[in-house]
Amino acid sequence: MKILVLNAGSSSQKSCLYDIEGSLPTQAPAPVWEAELDWITPQSEARITSKTKDSVQQEATLSFSSRKESILYLLSLLYSGPTKVISSLDEISAVGHRVVHGGQDYQSSAIIDAEVKAAINRLSALAPDHNPANLEGIELMEQLLCDVPQVAVFDTAFHSQMPQVAATYPGPYDWLEQGIRRYGFHGISHQYCANKSAQILNRSLEELRLITCHLGNGCSLAAVKNGQSIDTTMGFTPLDGLMMGTRSGSVDPSILIYLMRKGYSADKLDNMLNEQSGLEGISGISQDMREISKAVNQNDNRAKLARDLYIHRLKACFGAMLMSLGGVDAIAFTAGIGEHSSWVRAAACEGMAFLGLTLDVEKNENSPVDRDIATIASAVRVLVIKAREDWAIAQSCWHLIQKRTRSIAE
Ligand code: ADP
């Protein structure tokens, strides 16, 4: 079964193709084909890279007049040019989409129909940078592939069973009735990471207390107990919680009231908090942790403040997750910074030495993929896990399609 995965972000579009023969493999396979489009100038100029499982690669910078046109080009790399792996799009059996916001309506993945599309559209108000892009991708695939089943895999679903105390903001009660509550995001990644942690540790997920750390451009932690997310750092939107690449994370809401009274508009505040804050806002250099590290080595004071603030907020949020769990068996780091930045892992873990957590310095330095990097004597395991959201989406898609096929046959 050939499953196409579409993962639309605010400034990028990733896509990959999996070919699953027979049953699902227990280890995540490499995709047959993968491609990524990053906007250099929003909805105008973009850099596109594609590659096949056999390492054939292609790269181009092109101009597009719309997102639709850009996705069509991206998909053409599946059946034409050096990274061609299929003869036509007709070979695709199912399409899986990462959908950022599923609200309270969707607590698990769903086969896309008119009702699911209406919900994604309705929830665009809560995820304006993501849900409209997801919907556009879904509608385009409907036009291209007609009746091929499409599946929405929601980034909020894994957190949808959080206890009410973790999901509620202590504002007026009617916020809850209006849907103003903590949803949590990066759920596909946190859930994959929790499952993978159990696999690496050779233990049952049901007996583990885990803190999963998705540290990429966006950053969040989740407290996972018995395989369920019981707390997380992101909230009503992906702006809450940790300091991120360009997002502030949690700030005192009175700062916004203060700035509004000085005449700042909602759009201006939105832009400030989402695009001009975090590592980039504080350092004035970059949202990329590699650039921050370089500048720290050159004694740049703002870069040092950005680094220290990032770690300070990370430790504070670790504390919150730890207390929600009442202890921790393993900490799993994933995504760009989580997988590659040994000093971030070391600095964050240093704050947990009192738990008997000790990192194996050499293993940590090597950033091994899907490995335990704690010492044998450590009371808490520490794992580095390669983010595989796309494989998690393909798996979800496979399960739902199998279920649908069985129910049609019965
Ligand atoms: P996204 O959240 O957009 O999926 P990624 O998970 O790819 O992003 O993470 C991107 C971030 O990861 C970059 O901005 C950069 O800060 C960080 N990163 C990537 N590689 C490294 C590395 N080798 N060392 C430190 N940080 C890295």
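What you are looking at is a predicted structure, and each value in this text was computed from that prediction instead of being measured. Each ligand, and each atom within it, is numbered from 1 in the order the structure gives. Computed over heavy atoms, backbone and side chain alike; hydrogens, waters and symmetry mates excluded.
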**Student:** Short list, please: which atoms of ligand 1 are under 4.0 Å from a heavy atom of Met289?
**Tutor:** 15 (C), 16 (O), 26 (N)
**Student:** Of the backbone atoms (N, CA, C, O) and the side-chain heavy atoms from C-beta on, which set of Lys14 has a member under 4.0 Å from an atom of ligand 1: side chain, backbone, both, or neither?
**Tutor:** side chain
**Student:** May I ask you to check whether over 12 heavy atoms, not counting those of Tyr264, lie within 6.0 Å of atom OH?
**Tutor:** no
**Student:** Looking at non-hydrogen atoms alone, which of Gly336, Gly216, Ser341, Ser367 comes nearest to atom 18 (N) of ligand 1?
**Tutor:** Gly336
**Student:** Taking all atoms of both residues into account, what is the closest heavy-atom pair of Arg247 and Ser277, and its distance?
**Tutor:** C-CB, 3.9 Å
**Student:** Any side-chain heavy-atom pair from Thr83 and Gln57 closer than 4.5 angstrom?
**Tutor:** no
**Student:** In a table with atom names and distances, give each donor-acceptor pair under 3.5 Å that connects a side chain of residues 24-36 to protein atoms at least two apart or in another chain.
**Tutor:**
from: Gln27; atom 1: OE1; to: Lys196; atom 2: NZ; distance (Å): 2.9
from: Trp33; atom 1: NE1; to: Leu77; atom 2: O; distance (Å): 3.2

**Student:** So is His214 polar-close to ligand 1, meaning N/O to N/O under 3.5 Å?
**Tutor:** no
**Student:** Evaluating non-hydrogen atoms only, which member of Glu291, Glu339, Arg290, Glu389 is closest to atom 20 (N) of ligand 1?
**Tutor:** Arg290
**Student:** Check each of His340, Gln287, Glu36, His186 against atom 22 (C) of ligand 1 and report the one with the nearest heavy atom.
**Tutor:** His340
**Student:** Using side-chain heavy atoms (C-beta onward) and a distance below 4.5 Å, is Leu279 in contact with Ile285?
**Tutor:** no
**Student:** Suppose we measure from atom 15 (C) of ligand 1 to each protein heavy atom; which comes out shortest, and what is that distance?
**Tutor:** Asp288 OD1, 3.2 Å
**Student:** Please name the pair of heavy atoms, one in Ala223 and one in Leu325, separated by the smallest distance, quoted to 0.1 Å.
**Tutor:** CB-CG, 3.7 Å
**Student:** Please examine the side chains of Met141 and His97, heavy atoms only from C-beta on, and report whether any two atoms are closer than 4.5 Å.
**Tutor:** yes
**Student:** Check ligand 1 against Ala335 and write out every atom of the ligand that is under 4.0 Å from a heavy-atom position of the residue.
**Tutor:** 6 (O)
**Student:** May I ask you to decide if Leu221's main-chain N or O and Thr233's side chain share a donor-acceptor pair within less than 3.5 Å?
**Tutor:** yes
**Student:** Of all the atoms in ligand 1, which lie at a distance below 4.0 Å from a heavy atom belonging to Ile337?
**Tutor:** 12 (O), 16 (O), 17 (C)
**Student:** Taking the non-hydrogen atoms of Gly218, is any one of them nearer than 4.0 angstrom to ligand 1?
**Tutor:** yes
**Student:** Around atom 11 (C) of ligand 1, find the nearest protein heavy atom and jot down its residue, atom name and distance.
**Tutor:** Asn217 OD1, 3.9 Å
